[in-house]
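Here's the structure we're looking at; comments come further down.
Both counts, for ligands and for their atoms, begin at 1 and track the order of listing.
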Amino acid sequence: MSFPPALEAYVTRFGLSTATRAFLSRSHGICIDGTWSSGDERAPVVEASTGEVLTSLTLGTTADIDRAVAAARRAFDAGPWPRLKPLEREQLLGRLADLIEEHHEELAELESLDVGKPLVEARDIDVQGTIDTLRYFAGWASKVGGRSGEASSLPGSYLTYTRREPVGVIGVIVPWNFPLQTLMWKLGAALAVGCTVVVKPAELTSLSALRFAELVHEAGIPDGVVNVVTGKGSVVGAHLAGHPGIDKITFTGSTRTGHAVGTAALANWTRMTLELGGKSPVLVFDDVDLEQTVERVALGIFGNAGQVCDAGSRVYVHESIAEAFTARIAAHADRIVVGPGLDPATEMGPLVSEAQRAQVVACIEAGIAEGARLVAGGPETDGPGFFIRPTVFAGVEQSMSIVREEIFGPVLTVASFSDEEEAIRLANDSPYGLAATIYSESLSRVLRIAPRLQAGTVYVGAQSTIDPAMPFGGYKASGFGRDLGAEQLDHVTETKTVWITIDDA
Ligand code: NAD
């Protein structure tokens, strides 16, 4: 197959594996009960670094969701998956992890083309994180169990025990910033305990989920366990969230859409996990190594072009070092190499789409209009890919929209504080509560502040360190429930208590 000329020139210049070309040349349908089908309606997939059309996707329908839910229901109620011996499930999930590893480069290339992210990040973060998460949860398949004991204080004698039962059919809706990795954040725990799933990937970035569904089949996981329906959030996503045939919905995305998803789910008493937006604060005290901290703060906001839910997007610096910090982070932002995802020299890729870039540009323009001082980057764009410069604002007020609203782009605000109390107050002054970061060499200060920050994760000395063993989720408008860690097992199981009365002889 050949791509449009500009896209062909791009992939020829930096190279693309034959496996990725072969996948892209196929017609992409939806996967229900192990069978692929294409719909009448299709949507183009646009490559972020060139703005050219890469391929096209099937726009699924509400009827497709009905069929997918029915298939997942059958696979759960009557299929082998939840009834396999735990070690058999563990082995199959391990085989799937091996297959993903075999196709590591192909999946990284797809993720780079689809999202625009630097290939090295797609390789080392997205795909490696996917493999690690799957292996971590595969191991849980044989370790999830209930407990038994005689804790009852009632008169008489009882044997009591609890069972951890898979919650059932789970609807999975994910965003576009880490498509495959976020999918695995949802699927790892769910599949390990025996649930079946209907996946709705983000319409901008569905390719890796489709390739993943092929690998699920190749691994020998039974048909109907993983179903993937591509399409519009407002159509298939909304229908899935409100579907009476699912037992749980797990959603990662914006707070606004999460509210709609949660409301639809509640109507059916559908269980839910909502991982939503953020506006995460970063506190920099005056005892830090300034150069090292600037580098880490920059990584925390410009990594993945700022399209990270827990990006440290508002920095508060002790007033004694605020000027020096601002000058250094602005200079650092100016030095970042912005370029196409496949170029090994690229440090920051384009944004995912023209619409996302327009939204980020509007936020930057609002900051300028509100009187914030632009010290790096700005609203100017470069194309035809969806490029924008790393942007830093100083002199910001807490009331400004750029400090209050999630931008989901490479835009940092810098303000100052005079003491610990003010730093904590500013950090917590947000509707969101996903993450917060402290940079300080004082252990006592860190231990004083960490419990007072309203955030699901507190990073100290670095940002966005993610491991499948550690739970992740939000306080306040950043959602509820947790992905990852042993805590996630509570969200994919129901606990049943069994009371057995022991009669006297
Ligand atoms: P989004 O809310 O626009 O879309 C997320 C998903 O929901 C997509 O698959 C979309 O198709 C679907 N969707 C859209 N409308 C829907 C509806 N009415 N009903 C059901 N589904 C619908 O978010 P996005 O722009 O794809 O992603 C960016 C957002 O995701 C940011 O707010 C970011 O902070 C958040 N996010 C959160 C986390 C976390 O772990 N907390 C992680 C990554 C991203």
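K232 and E41 are not joined by a salt bridge, as no carboxylate oxygen comes within less than 4.0 angstrom of a charged side-chain nitrogen. Ionic pairing of R67 and D64 is present here: one or more N-O contacts between side-chain nitrogen and carboxylate oxygen are shorter than 4.0 angstrom. A salt bridge is absent between E275 and K186: the closest approach of a Lys/Arg side-chain nitrogen to an acidic carboxylate oxygen does not fall below 4.0 angstrom. A salt bridge is absent between D490 and R482; no separation between the charged side-chain nitrogens and carboxylate oxygens falls under 4.0 Å. Salt bridge absent: E405 and K279 never bring a charged side-chain N and a carboxylate O closer than 4.0 Å.
Among all non-hydrogen protein atoms, the one lying nearest atom 20 (C) of ligand 1 is G237 C, 3.1 Å. At the shortest separation from atom 2 (O) of ligand 1 among protein heavy atoms lies S254 OG, 2.7 Å. The protein heavy-atom contact nearest to atom 28 (C) of ligand 1 is F408 CE2, 3.5 Å. For atom 41 (N) of ligand 1, the nearest protein heavy atom (residue, atom name, distance) is L276 O, 2.7 Å.
Here E406 has side-chain heavy atoms under 4.0 Å from ligand 1, and that is the only part of it that gets that close. Contact annotation: for T252 versus ligand 1, heavy atoms closer than 4.0 Å belong to both the backbone and the side chain. Heavy atoms of A241 found under 4.0 angstrom from ligand 1: none, in either backbone or side chain.
For ligand 1 and V261, the ligand atoms under 4.0 Å from any heavy atom of the residue are 19 (N), 20 (C). Which parts of ligand 1 touch E203 is read off a 4.0 Å heavy-atom cut-off, strictly below it: atoms 10 (C), 11 (O). With ligand atoms numbered from 1 in the order given, ligand 1 contributes 6 (C), 8 (C), 9 (O) to contacts under 4.0 Å with heavy atoms of V174. Short contacts between ligand 1 and A238, defined as distances under 4.0 Å to a heavy atom of the residue, involve ligand atoms 19 (N), 20 (C). Using a 4.0 Å cut-off to heavy atoms of K200, the atoms of ligand 1 that qualify are 9 (O), 10 (C), 11 (O). Close approach of ligand 1 to L434 (heavy-atom distance below 4.0 Å) involves ligand atoms 41 (N). Ligand 1 places these atoms under 4.0 Å from at least one heavy atom of P201: 9 (O). The atoms of ligand 1 that sit less than 4.0 Å from any heavy atom of P175 are 24 (P), 26 (O), 27 (O), 43 (C), 44 (C).
A heavy-atom distance below 4.5 Å is not found between the side chains of S313 and I402.
For F178, the heavy-atom gap to ligand 1 stays at 4.0 angstrom or more. Residue contacts with ligand 1: A264 is excluded, as none of its non-hydrogen atoms falls under 4.0 Å. Residue W185 places every heavy atom at 4.0 Å or more from ligand 1.
Checked by distance only, ligand 1 and S478 stay at 3.5 Å or farther apart across all their nitrogen or oxygen atoms. Remark: ligand 1 and K232 share no N or O pair separated by less than 3.5 Å (distance only, no angle test). Considering both main-chain and side-chain atoms, W176 comes within under 3.5 Å of ligand 1 through a nitrogen or oxygen pair.
Sequence neighbours left out, the pairs with a member in residues 230-251 that pass ring pair (Phe, Tyr, Trp, His ring centres under 6.0 Å) are H239-H243.
Of all the heavy atoms in G242 and N268, the pair that sits closest is O-ND2, 2.8 Å.
Taking the ring-ring contact (aromatic ring centres under 6.0 Å, His included) definition, one finds that F408 meets it with W176, sequence neighbours left out.
Between atom 44 (C) of ligand 1 and the options N177, V235, V236, the minimum heavy-atom separation is to N177. Nearest-heavy-atom check against atom 18 (N) of ligand 1 across G171, G233, G474, G253 picks out G233.
Less than 4.0 angstrom separates atom 4 (O) of ligand 1 from none of the non-hydrogen atoms of the protein.
T205 and D114 are not linked by any side-chain donor-acceptor pair at a separation below 3.5 angstrom, with hydrogens and angles left out of the test. Side-chain contact, T413 with R314: no donor N or O sits under 3.5 Å from an acceptor N or O. A side-chain donor from one of T50 and E47 sits under 3.5 Å from a side-chain acceptor of the other.
Checked against R123 for a side chain to side chain donor-acceptor pair (under 3.5 Å), the options Q128, E111, E105 give a single hit: E105.
Relative orientation of the H28 and F23 rings is tilted, given thresholds of 30° and 60° on the angle between their planes.
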